[in-house]
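All remarks here apply to the structure that follows.
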There are 2 protein chains.
Amino acid sequence: MDKKYHHGELKIQLIKSGLQMIQEDGINKLSLRRLAQMCNVSEAAPYSHFKNKEELLVAIQEYVTEQLQRCLQDAYEKTEHCNSPIAILNMGKAYVQFFIKYPEYYSFLFAQPYLKIDLSMDNEPNAFEPFQYYKEKTYTIYKNEGFDEERIKYGIIAMWAKVHGIAAIASMQGVNRDFEWEDVLDKILVE
Amino acid sequence: MDKKYHHGELKIQLIKSGLQMIQEDGINKLSLRRLAQMCNVSEAAPYSHFKNKEELLVAIQEYVTEQLQRCLQDAYEKTEHCNSPIAILNMGKAYVQFFIKYPEYYSFLFAQPYLKIDLSMDNEPNAFEPFQYYKEKTYTIYKNEGFDEERIKYGIIAMWAKVHGIAAIASMQGVNRDFEWEDVLDKILVE
DNA sequence: TGCTAAACTTAACAGTGTTAAGATTGGAGG
DNA sequence: CCTCCAATCTTAACACTGTTAAGTTTAGCA
């Protein structure tokens with residue numbers, strides 16, 4: 001039954017179970033020992049795959065970031081004419097809906113100090129990917145609309161701030177859970 | 001020198017020193033024992049003033065919230081004609097600048113699950129005060145401008161989302177520290 | 001002055017992250 | 001097929017954490 005020395009899939013299982021614990025109890029109650037126990041493994045086993053707890057958290061963060069990235073990409077690619085501003089709106093909606101669906105993910109992702117947000121138009125390799133993706137797509141769309149560089153720059157930041165701000169508010173505990181975010185998003189993001 | 005049983009000011013000293021530790025090392029490294037040690041007091045002394053760690057964190061949160069509230073109020077009251085939309089802009093700027101000044105405060109305030117954000121126009125007594133204040137002032141200003149209820153409602157949320165989103169981004173680690181937030185705020189918040 | 005309740009200390013408990021030392025194992029090379 | 005090694009996992013310990021119980025000090029009121 002519980003074969004000792006279970007092999008091959010502990011690393012990804014730690015990431016997935018860790019994320020599940022975060023989703024259920026919040027980041028503060030994530031314990032390496034409980035996590036190891038949940039994976040039917042000794043308390044020191046995680047250290048074969050991660051140097052320390054922080055490295056595991058970074059791995060989970062990357063895992064979540066990929067999910068979020070995929071949501072944005074889907075939203076973009078499923079837009080009829082993906083070079084129209086509608087695509088920007090859809091990416092924004094996808095971003096917010098991601099954190100409405102998983103409220104615990106927001107504070108986990110952004111309260112940890114491991115993310116790099118690159119506001120410039122350079123392509124920093126290690127920066128937060130969903131924002132990089134959004135930035136690139138929005139740039140070409142705005143360019144397509146004939147906006148000048150200055151307006152593009154501020155347009156990107158303004159839109160991202162709105163989207164991120166709504167995500168922050170929506171993911172907060174104690175916020176009205178039955179709030180009609182769909183309407184708000186439509187009205188706010190189109191400006 | 002180090003008189004035993006130091007009286008009368010331990011509670012506020014715990015809050016202030018705790019906040020200082022958060023500011024220096026982040027919320028994750030705040031330890032009750034180190035904090036007690038820093039206040040020249042035994043490890044169990046804080047429990048005379050707070051039921052547990054969480055209650056101390058709530059107290060610190062209230063302390064920070066008051067500071068932020070005062071910033072908003074100052075910004076509002078120092079505006080020439082405080083019934084003009086300029087006052088809204090100034091409150092927004094004050095909000096963002098608060099978190100640019102104290103980047104650690106953002107994740108401390110909003111990653112903890114103790115805050116209640118009330119998006120309705122009711123006056124929830126226990127809701128996050130700075131937002132309540134902003135909401136009230138903005139309401140009368142928009143009303144003064146002749147906006148209808150629907151537009152006011154979404155206007156308030158839209159503006160707050162932008163402001164809060166910028167604060168979130170600005171307070172992030174790894175974000176360009178020399179970014180010219182003043183310009184961005186002027187361009188974004190006026191729309 | 002004496003008493004009481006609040007404020008503090010000491011000592012202990014369980015739980016945490018982390019490391020060192022050793023046990024087990026899959027799989028590559030002879 | 002066997003051997004051996006590096007990767008993986010275990011056990012045992014360490015220092016640190018939040019928290020509680022029981023006892024000590026002290027300010028301030030009767």
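Within every chain, numbering begins at 1; the chains are lettered A, B, ... in the order of the sequence lines, protein sequences first and strands thereafter. A quick note: this is a predicted structure, and the numbers were derived from the prediction, not measured.
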TODO: For B/N52 and D/dG18, give me the distance from atom CG to atom P, rounded to whole Å.
DONE: 11 Å
Open item on the list: Let's go through B/H81 and B/I86 carefully: what are the C-alpha distance in whole Å and the side-chain angles of both, what is the deciding distance for side-chain contact (heavy atoms from CB on, under 4.5 Å) to 0.1 Å, and is it a yes or a no?
Closed with: CA-CA 8 Å; B/H81 309 289; B/I86 303 286; over 6 Å; no
- [ ] For the pair A/R34 (side chain) and A/K29 (backbone), establish whether a donor and an acceptor sit closer than 3.5 Å, ignoring hydrogens and angles.
- [x] yes
- [ ] Find the distance B/Y47:OH to D/dT17:P and express it as a whole number of Å.
- [x] 12 Å
Task: Protein-nucleotide distance (A/E43, atom CD; D/dA12, atom P), rounded to Å - done: 10 Å
Open item on the list: Nearest to the A/L10 side chain among D/dC9, D/dG18, D/dA13, which nucleotide is it?
Closed with: D/dC9
Task: Nearest-angstrom distance from the residue atom CD of A/E55 to P of C/dG17 - done: 15 Å
Open item on the list: The side chain of B/L32 is closest to which nucleotide in this list: D/dT8, D/dG18, C/dA12?
Closed with: D/dG18
Task: For atom NZ of B/K29 and atom C1' of D/dC16, their distance in whole Å - done: 15 Å
Task: Side chain A/R34 and base C/dG15 donor-acceptor under 3.5 Å - done: no
Open item on the list: With a cut-off of less than 4.0 Å, is there a side-chain N or O of A/S31 near OP1 or OP2 of C/dG17?
Closed with: yes
Task: A/H49 side chain near D/dC9 phosphate (N/O to OP1/OP2, under 4.0 Å) - done: yes
Task: Nucleotide nearest B/S42 (side chain, heavy atoms from C-beta), chosen from D/dT11, C/dT9, D/dT8 - done: C/dT9
- [ ] Under 4.0 Å between any heavy atoms, over every strand shown, what does B/L56 touch: base, sugar-phosphate, or nothing? Just pick one.
- [x] nothing
TODO: Please figure out whether A/P46 or B/K51 has its closest DNA chain D nucleotide nearer the 5' end.
DONE: A/P46
Open item on the list: Could you tell me how far apart A/L14 (CG) and D/dC9 (C1') are, to the nearest whole angstrom?
Closed with: 12 Å
Task: 5′-ward residue of the pair B/A45/A/E54 relative to DNA chain C - done: B/A45
TODO: Check every strand shown and say whether B/L35 touches a base, only sugar-phosphate, or nothing at a heavy-atom separation below 4.0 Å.
DONE: nothing
- [ ] Find the distance A/N28:CG to C/dG15:P and express it as a whole number of Å.
- [x] 19 Å
Task: Aromatic ring proximity B/F131/B/Y95, centre distance under 6.0 Å - done: no
Task: A/M21 CE to C/dT16 C1', straight-line distance once rounded to whole Å - done: 12 Å
Task: Between A/Y134 and A/F128, ring centroids under 6.0 Å - done: no
Task: A/H164 ring center near A/Y106 ring center (under 6.0 Å) - done: yes
Open item on the list: From C-beta outward on A/R33, which listed nucleotide comes closest to its side chain: C/dA11, C/dT16, D/dG18?
Closed with: C/dT16
